[in-house]
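Scroll down for the structure; my scribbles are underneath it.
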Amino acid sequence: MKLVSTVQELQSEIQHLAQGRTVGFVPTMGALHQGHISLVKQAVSENPVVVVSIFVNPTQFNDPADLERYPRTLENDMKLLEPTGCSIVFAPNAKEVYPEPDKRKFNFGKLEEVMEGKHRPGHFNGVAQVVSRLFDMVKPTKAYFGLKDFQQLAIVKNMVKQLQLPVEIVPCAIIREESGLAMSSRNELLTEEQRKNAAVISETLFKAKELKGQKSVQEITDWVTETINKNPFLDVEYFEIVDDEQLQPVKNWDEDSTKVGCVAVFCGKIRLIDNIVF
Ligand code: AMP
């Protein structure tokens with residue numbers, strides 16, 4: 001496994017290893033956990049060459065304090081990646097990714113008007129900027145994204161379509177801690193007590209799925225919000241039940257679409273997201 005930090009090293013290493021064979025790519029912001037590792041393992045099982053990028057992208061943070069406190073643990077990340085069979089770790093600095101400020105403005109229409117798009121203005125524009133730049137550098141055959149960031153996956157798919165990029169986007173299942181809490185780099189920022197209480201988020205989503213036959217979409221929405229908010233450590237920013245393509249709110253269970261319940265919750269200052277397919 002090779003650690004590189006410049007685009008030039010990255011590309012010569014890929015060329016050397018791939019020799020025209022497929023390249024799998026897993027973009028991350030580091031502070032890796034088993035959620036990331038599951039993506040890397042899937043990429044390794046499907047491609048002879050796998051690139052993992054580790055870059056805390058400033059343009060996708062709408063809150064400077066969030067960017068500042070985001071965990072950075074390169075040494076540990078390398079230890080976790082070593083046994084996966086990943087070929088190249090690309091850990092550039094901001095100047096390498098953005099030699100000039102990226103002024104591009106993407107238009108994702110309704111997709112970016114809901115949920116994360118609504119509550120984190122500019123976030124998905126930053127995601128599209130960095131993912132498109134990384135795709136341009138790595139030129140992957142397949143890129144792997146977690147379903148935990150459900151809306152991000154929809155945005156990336158839409159961006160690939162808009163820019164007509166020759167890359168296959170592969171969605172990967174949500175990996176959870178034993179308590180059910182969706183794994184996240186931000187979990188490391190929680191106190192032990194907060195982390196224990198944060199399990200209420202996924203517990204409530206699982207229970208909501210069981211209650212689906214007995215309650216309307218609105219009743220489930222209210223129930224999830226109230227149940228999580230009852231926990232003194234948790235404060236729901238939104239819970240919405242949306243269709244899995246346009247991510248627009250659904251009103252009835254019998255509408256013809258797969259429905260996904262998406263939630264964002266503050267646990268102290270730390271913002272956590274999760275979702276469940278109904
Ligand atoms: P991040 O480092 O948070 O930008 O995440 C990098 C990639 O890992 C994204 O595609 C995430 O959706 C994915 N990911 C993060 N946490 C999980 C998880 N618990 N399960 C599956 N994928 C995840």
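We count residues from 1, following the sequence as given. Remember, it's 1-based here, ligands and their atoms both numbered in the order they're listed.
Here the options are Arg176, Lys148, Arg186, the test is salt bridge (Lys or Arg N to Asp or Glu O under 4.0 Å), and the partner is Asp274; only Arg176 passes.
Both the backbone and the side chain of Met183 come within 4.0 Å of ligand 1, judged by heavy-atom distances. When non-hydrogen atoms are compared, ligand 1 lies under 4.0 Å from the side chain of Lys148 (C-beta onward) but not from its backbone. Only the side chain of Leu39 comes within 4.0 Å of ligand 1, judged by heavy-atom distances.
Ligand 1 places these atoms under 4.0 Å from at least one heavy atom of Ala173: 20 (N), 21 (C). Every atom of ligand 1 with a heavy atom of Ile174 under 4.0 Å away is listed here by number and element: 20 (N), 21 (C). Annotation for ligand 1: atoms under 4.0 Å from non-hydrogen atoms of Phe145 are 10 (O).
Residue Met29 holds the heavy atom nearest to atom 2 (O) of ligand 1 of all those in Glu177, Met29, Gln152.
Protein heavy atom nearest atom 1 (P) of ligand 1, with residue, atom name and distance: His36 NE2, 3.7 Å. In this structure, the protein non-hydrogen atom closest to atom 15 (C) of ligand 1 is His33 CE1, 4.0 Å. Taking atom 3 (O) of ligand 1 as the reference point, the nearest protein heavy-atom neighbour is Tyr70 OH, 3.8 Å.
Between Ile175 and ligand 1, an N or O atom pair is found at a separation short of 3.5 Å. On a distance-only criterion, Asp149 and ligand 1 share at least one N/O pair closer than 3.5 Å. An N or O contact shorter than 3.5 Å is missing between Ser185 and ligand 1 by distance. At least one N/O-N/O distance between Gly146 and ligand 1 falls below 3.5 Å.
Residues Phe90 and Val7 form a side-chain contact, since some pair of their non-hydrogen atoms from C-beta on lies under 4.5 Å apart.
Using modelled atom types, one finds no donor on one side chain facing an acceptor on the other under 3.5 Å when comparing Asn93 with Tyr98. No hydrogens or angles considered: nothing links the side chains of Tyr70 and Asn57 as a donor-acceptor pair under 3.5 Å. Checked by atom type, the side-chain pair Gln218/Asp222 shows a donor-acceptor distance below 3.5 Å.
The closest approach between Arg176 and ligand 1 stays at or above 4.0 Å for every heavy atom of the residue. For Pro27, the heavy-atom gap to ligand 1 drops under 4.0 angstrom.
Lys142 has a carboxylate O that lies under 4.0 Å from a charged side-chain N of Glu46, or vice versa, which qualifies the two as a salt bridge. The pair Arg195-Glu188 meets the salt-bridge criterion, since a charged nitrogen lies less than 4.0 angstrom from a carboxylate oxygen. Using a cutoff of 4.0 Å between basic side-chain nitrogens and carboxylate oxygens, Arg271 and Asp66 are not scored as salt-bridged.
Geometrically, Lys259 does not engage Trp253 in a cation-pi contact, judged by NZ or CZ lying under 6.0 Å from the ring centre and within 45° of the ring axis.
The 12-atom threshold is not exceeded at NE2 of His16, counting heavy atoms of other residues, nucleotides or ligands nearer than 6.0 Å.
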